[in-house]
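Residue indices begin at 1 and follow the sequence shown.
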Amino acid sequence: MAMPMRRTLLTLHRATQSNLKSAEASLDVLHPIPLLLPVRTKKRYFIPPAVGLKGKSEENPEAKARAAGIVFRQQYLERPINIACTAGIFDPYIPPEGDARLSTLSKEGLKQRTEQIRQSAASQLAIRKVKEHDSEFKTKDFAERAQEIFIEAHNALTQFNKEKLHSLVTERCYPEMTRGNRYKTIRWRFVESLEPPRVVHARCPDMVTKGNLYGQVTVRMHSKQTLAIYDRFGRLMLGSEEHSKDVLEYLVIERHLINPYGRWRLHGKIVPSWAPAKDPIIKTVIIPGPELKPGQEFDALNYEVPKPAAVQWYK
């Protein structure tokens, strides 16, 4: 790289020197001879391959870099996991069809009650494991505690308190609760509890290793709530702040039992297959109006909104 630059400088020096000699001959002026120093650029140990060259064989850039003394960083295609909580609900509780509607005195209600007693054997074994790591765990007190966690988590969601919400919900439940709520206003209120909450299901799974235990407790909660969601322009999208609804929910509360500093947090909800569909989102549309001239106001015109024409629908 230094030799071609030196050759070009020498040719330029000779050309300028010949011009100066011809000028000096006419004017008899003497000029000092310039000092030429060789310039060396930065030596490149590894030159990246050119892009778009056709006809050349593609060489392995990794092998070429190793030969130059440069080591490529190894790329790991592994997926990181979080061991503070599980990735899902193990052996989820299957709510009986018609729950909170059938009486225990009826024939179908008695069948459901006997089926719950049969399935409670595995839950009793899981509760024993949970009590080994959490001595303060009691099924009667835990249901009320889970309801308090649920209320505090939703209040933190409406106030967009991320720090408090992270302490009340797991890392799996957090994106599910906050997804799509960036430009929306949420108004939620817990009115009253129609039935006392109770523990209906418990599991104690392990993950990664055999002794890494997690406690998952399902709590049945039947309450009355109000929910209203507004978009970024303040228009109502879903629900109402005045009218309350009866809500039957199955909450899954989880804790990392091995961690001495672990706490019970909201992990998810179980939605039964027989649950009714959600209310559709209220969409706001623009009604086309007349074209206004510059300086003309809409109130000055006696414009009537045209009614849509009747359309006959066929099956």
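- A salt bridge does not link E144 with K138: none of the charged nitrogens is closer than 4.0 Å to a carboxylate oxygen.
- Rounding to the nearest 0.5 Å gives a distance of 6.0 Å between CG of L257 and CG of L213.
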| task | List the steps, then state whether side-chain contact (heavy atoms from CB on, under 4.5 Å) holds for F160 with L165. | result | CA-CA 8 Å; F160 294 97; L165 190 61; over 6 Å; no
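- Under the 4.5 Å side-chain contact rule for hydrophobic residues, I151 and V217 share a cluster.
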| What's the verdict on side-chain contact (heavy atoms from CB on, under 4.5 Å) for H222 and D246, showing C-alpha distance, side-chain angles and the deciding distance? | CA-CA 7 Å; H222 191 201; D246 299 347; 4.2 Å; yes
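- Annotation: the span from L227 atom CG to T158 atom OG1 amounts to 10.5 Å, rounded to 0.5 Å.
- Contact annotation: the side chain of L168 never approaches that of F150 to less than 4.5 Å [non-hydrogen atoms, C-beta and beyond].
- Using a 4.5 Å cut-off on side-chain heavy atoms (C-beta onward), I127 and F137 make contact.
- Hydrophobic clustering keeps V252 apart from V247 (ILVMFWY residues linked when any side-chain heavy atoms are closer than 4.5 Å, directly or through intermediates).
- We find that R235 and D231 are joined by a salt bridge, their nearest charged nitrogen and carboxylate oxygen being less than 4.0 Å apart.
- When each of I89, I253, V130 is tested with Q216 by the rule side-chain contact (heavy atoms from CB on, under 4.5 Å), just one qualifies, namely I89.
- Ionic pairing of R220 and E195 is present here: one or more N-O contacts between side-chain nitrogen and carboxylate oxygen are shorter than 4.0 angstrom.
- At a cut-off of 3.5 Å, with distance as the only test, no side-chain donor of S223 or E192 sits close to an acceptor on the other residue.
- Atom CZ in R255 sits 9.5 Å away from atom NE2 in H133 (nearest 0.5 Å).
- Listed for the K210 side chain is no donor-acceptor partner under 3.5 Å among the backbone atoms of D206.
- A donor-acceptor pair shorter than 3.5 Å can be found between the side chains of Q225 and W188.
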| request: In sequence, state the C-alpha distance, the side-chain angles, and the governing distance for V219 and V200, and then conclude on side-chain contact (heavy atoms from CB on, under 4.5 Å). | output: CA-CA 6 Å; V219 179; V200 295; over 6 Å; no
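- Classified by interplanar angle (parallel below 30°, tilted 30° to 60°, perpendicular above 60°), the ring pair H166/Y174 is parallel.
- Ring orientation note: the planes of Y214 and H256 are close to parallel, at an angle under 30° on the 30°/60° scale.
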